[in-house]
Amino acid sequence: MATAKYIFVTGGVTSSLGKGIISASLGKLLQARGFNVTIQKFDPYINIDPGTLNPYEHGECFVTDDGAETDLDLGHYERFLNSPTSQANNVTTGRIYNNVITKERKGEYLGKTVQVVPHITDEIKKNIFQLGETGKFDFVITEIGGCVGDIESLPFIEAVRQVKWDVGTNNFLVIHLTLIPYLSAAKELKTKPTQHSVKQLLEAGIQPDILVCRSEHHLPLEIRKKLALFCNVHINSVIEALDAETIYDVPILMRKEKLAERVLAKLKINHKEEPDLEQWKSFLGKLKNPTDEVEIGLVGKYVELPDAYKSIVESFIHAGAANECKVNIHWISSETINEKNTKTILGNLDGVLVAPGFGERGIQGKIEAIKYVRENNIPFFGICLGMQCAVVEFARNVLHLSKASSTEIDQKSPDPVIDLMEDQKKVTNMGGTMRLGAYPCKLKKGSKANGVYGKLNISERHRHRYEFNNKYLEKMEKAGLKATGINPETGLVEIIELDNHPWFIGTQFHPELKSTVLNPHPLFVKFVEAAIIKKKS
Ligand code: GLN
């Protein structure tokens, strides 16, 4: 196809209906028919990006190869489509305004009054089109965050209305995701909230082409007819989206409901071939028919909100399926762990992952947990702060540097085994200034890490300020903690591992950001394998 087709996904009635998963599933179904697809998300909040947001506010911050700190839905897009996203795939109101105000200060508006329409909406449209204009994609799916009717999303909705006139009706389509609640007292599914949210879209000048209806019950024909009539769509464009056992079922459910067929028909694309979902189905088959089961402890400080560790949880799902093994995650708040209760809390686990994080809270518990699994040969996987804690633990308990620490925790530590690099010491702005995005890493030949990856040169994504302090490298290595992954350009330590332990690996980078359904991350796959071995021993 010459030009990209633009598909917008809006939400109505309530948030959390799963626009991200519906967008990713539609993307998957189009990709499975041989089309090139990208998905972007527009977030209506004023932050320039979610990088400075507390995980409790926003869940995980997903980092792309180009170092953008983005919404966690981008993780779903990558995991479903198996292709990388970038800064262009996530734009916030804050970024739009920032761009417009920067231009205004430069005098680029030539004395004009700068207004929401057309200047903000033009900037939004520029960001909508930039992926399509690369010529790489047949479809650009744009998810509009929030719900229609929210004050914040109005400029985005207005921009979507205008796009129809810019690209023409054959290249433009709106899918509205909505909720059909079931009133148990009346034993009835209710369409009124959907009618109202479609009315709100109509007030903004947008007629949705397709309704995707989240529901706990099947939509009977009568309900579909009613929705079609009142919302002004074809009955075949009323798509049922039942609650699914796993998010990875949703492409299959949408396939049954013919979502992609409707999209192709509406956009007048003649494409009769069946989608190729063989690999996807084989993944689902393994996921749902495990032959093993392991217990993994996830030690972190945001455990009340699993969304804070979204990509880690999904990576375990991918790795579990690869091993045909059910991975049961035990959420362990690091603040509850102390030297007396480690055995009770961790003793029966087959593996322990110590999670990424920021700040001092919960650090001591992480260190105690690591000491226990190191001494008791329980497979250990430390990610970012988890790796840094493993270095501190080793320094304190094996090298006997009792005050060793990270300078993030103790600025006055006499043994700052984890420390800020010179360039980070000058940083005063907190947004977008960490070591972010993809960096190369060279593995030591014959190391565990080398065995895991099966190659020597890798690239992984980062999001942190502090680093392994190379002044301590020699001492650590002599005592058995080896640096087996090194950044070839800077000499920074990216991976540590223990010699005399069945599986003890810490990574300064975030492998969870690169695990997808079709490419489960080898570190997670091998960690789960190590847990299976531990369980059987
Ligand atoms: N807080 C640590 C740092 O900034 C680790 C960050 C993380 O775990 N993502 O270096």
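Start at 1 with the first residue, then count along the sequence. Numbering of ligands and ligand atoms starts at 1, following listing order. All heavy atoms count here, side chains included; hydrogens, waters and symmetry mates do not.
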Checklist outcome for this item: Exactly one candidate in Gln508, Glu467, Gln424 meets side-chain hydrogen bond (donor to acceptor under 3.5 Å, both in side chains) with Arg435; the answer is Glu467

Checklist entry - Under a 4.0 Å N-O cut-off, is there an ion pair linking Arg374 with Glu393? => result yes

Checklist outcome for this item: Residues at least two apart in sequence or cross-chain that pass side-chain contact (heavy atoms from CB on, under 4.5 Å) with Lys426, listed by chain then number, are none

Item to check | Ring center gap for Phe504 and Phe381 short of 6.0 angstrom | outcome: no

Checklist entry - Mind checking what makes side-chain contact (heavy atoms from CB on, under 4.5 Å) contact with Val303, not counting sequence neighbours? => result Tyr309, Trp331, Ser333

Checklist outcome for this item: So ring pair (Phe, Tyr, Trp, His ring centres under 6.0 Å) across residues 428-452, not counting sequence neighbours, yields Tyr439-His462

Provide, line by line, the atom pairs where ligand 1 and the protein bring an N/O atom each to a distance under 3.5 Å; else say none.
residue  : atom   : partner : partner atom : Å
ligand 1 : 1 (N)  : Gly357  : O            : 2.9
ligand 1 : 1 (N)  : Glu408  : OE1          : 2.7
ligand 1 : 1 (N)  : Glu408  : OE2          : 3.0
ligand 1 : 4 (O)  : Arg465  : N            : 3.0
ligand 1 : 8 (O)  : Gly357  : N            : 3.0
ligand 1 : 8 (O)  : Gly357  : O            : 3.3
ligand 1 : 8 (O)  : Leu385  : N            : 3.0
ligand 1 : 9 (N)  : Arg463  : O            : 2.9
ligand 1 : 9 (N)  : His510  : NE2          : 3.2
ligand 1 : 10 (O) : Gln388  : NE2          : 3.1
ligand 1 : 10 (O) : Arg465  : N            : 3.2
ligand 1 : 10 (O) : Tyr466  : N            : 2.8

